[in-house]
Amino acid sequence: QVQLVESGGGLVQAGGSLRLSCAASGRTFSSYTMAWFRQVAGKEREFVAAIQWGYETRYAHFVEGRFSISRDNAKNMVFLQMNSLIPEDTAVYFCASRPYMITMTADDYDYWGQGTQVTVSS
């Protein structure tokens, strides 16, 4: 079992930066793929970025070059550095995990955090 707790969301002006953190519990964290998804009310949850246990990464096209995902297996943490934020990035951001390889489909992930709100003002 893996429990995930996100933090770091908030209000930021367009062009600014935020760093999201996700603290994970569980002995097998290092063998899990960790991902970030986001969701706007009334819309489906969408993939943002993921990092595999071997540090392979994947990004949604709309965040490439602006967001960076990383992990610290010693601390059971995963991070999402978000730069050059735009109002369209406004959403609730969720941390998720699965024990296998990276996928971009929310239904493939077994564990989810409660989410953290990110609001980007214009």
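Please read all numbers here as calculations on a predicted model, not as lab measurements.
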Once disulfide (SG to SG under 2.5 Å) is applied, what residue pairs with a partner in residues 50-99 remain, sequence neighbours excluded?
C22-C95
State the OG-CG distance between S25 and L4, to the nearest 0.5 angstrom.
7.0 Å
Any V12 side-chain heavy atom under 4.5 Å of M82 side chain:
no
Hydrophobic clustering (ILVMFWY, side-chain heavy atoms < 4.5 Å, transitive) - are M77 and W112 grouped together?
no
Exercise: identify the closest heavy-atom pair between F47 and T103
CE1-O, 3.8 Å
Minimum heavy-atom distance between G8 and L18, given as atom pair plus value:
O-CD2, 3.9 Å
Do side-chain atoms of E6 reach the backbone of G115 as a donor and acceptor pair under 3.5 angstrom?
yes
What's the separation between atom CG in D107 and atom CZ in R45, rounded to the nearest 0.5 Å?
10.0 Å
More than 12 non-hydrogen atoms from neighbouring residues, nucleotides or ligands closer than 6.0 Å to CD on E46, yes or no?
yes
Can you tell if the side chain of Y59 reaches within under 4.5 Å of the side chain of S68, non-hydrogen atoms only?
yes
Note: V2 and A24 closest approach over all heavy atoms is CG1-CB, 4.4 Å
Minimum heavy-atom distance between T33 and Q52, given as atom pair plus value:
OG1-CG, 3.5 Å
Are V5 and Y32 linked, directly or through other ILVMFWY residues, by side chains that come within less than 4.5 angstrom of each other?
no
Rounded to the nearest 0.5 Å, how far apart are OG of S17 and CZ of F67?
9.5 Å
Is any side-chain heavy atom of N73 closer than 4.5 Å to a side-chain heavy atom of W53?
no
Side chain to side chain, Q117 and T90, heavy atoms closer than 4.5 Å:
yes
Connected via hydrophobic side-chain network under 4.5 Å: L20 and I69:
yes
Please answer: with hydrophobic residues joined when any side-chain heavy atoms are less than 4.5 Å apart, are F79 and L85 in the same cluster?
no
What about L80 and Y109, same hydrophobic cluster or not, with Ile/Leu/Val/Met/Phe/Trp/Tyr joined at side-chain heavy-atom distances under 4.5 Å?
no
For the side chain of R71 and the backbone of I51, is there at least one donor-acceptor N/O pair under 3.5 Å apart?
yes
Mind listing the closest non-hydrogen atom pair of A14 and P87 along with its distance?
CB-CD, 4.2 Å
With the side chain counted from C-beta on, respond yes when Q81 and S70 share a heavy-atom pair under 4.5 Å apart, and no when they do not.
no
When M34 is tested against each of V78, I102, N76 for side-chain contact (heavy atoms from CB on, under 4.5 Å), which residue passes?
V78
Considering residues, nucleotides and ligands other than Q114, do more than 12 of their heavy atoms fall under 6.0 Å from its CD?
yes
May I ask you to test the V118-R38 pair for a side-chain heavy-atom distance under 4.5 Å?
no
Do other residues, nucleotides or ligands put more than 12 heavy atoms under 6.0 Å from Y100 OH?
no
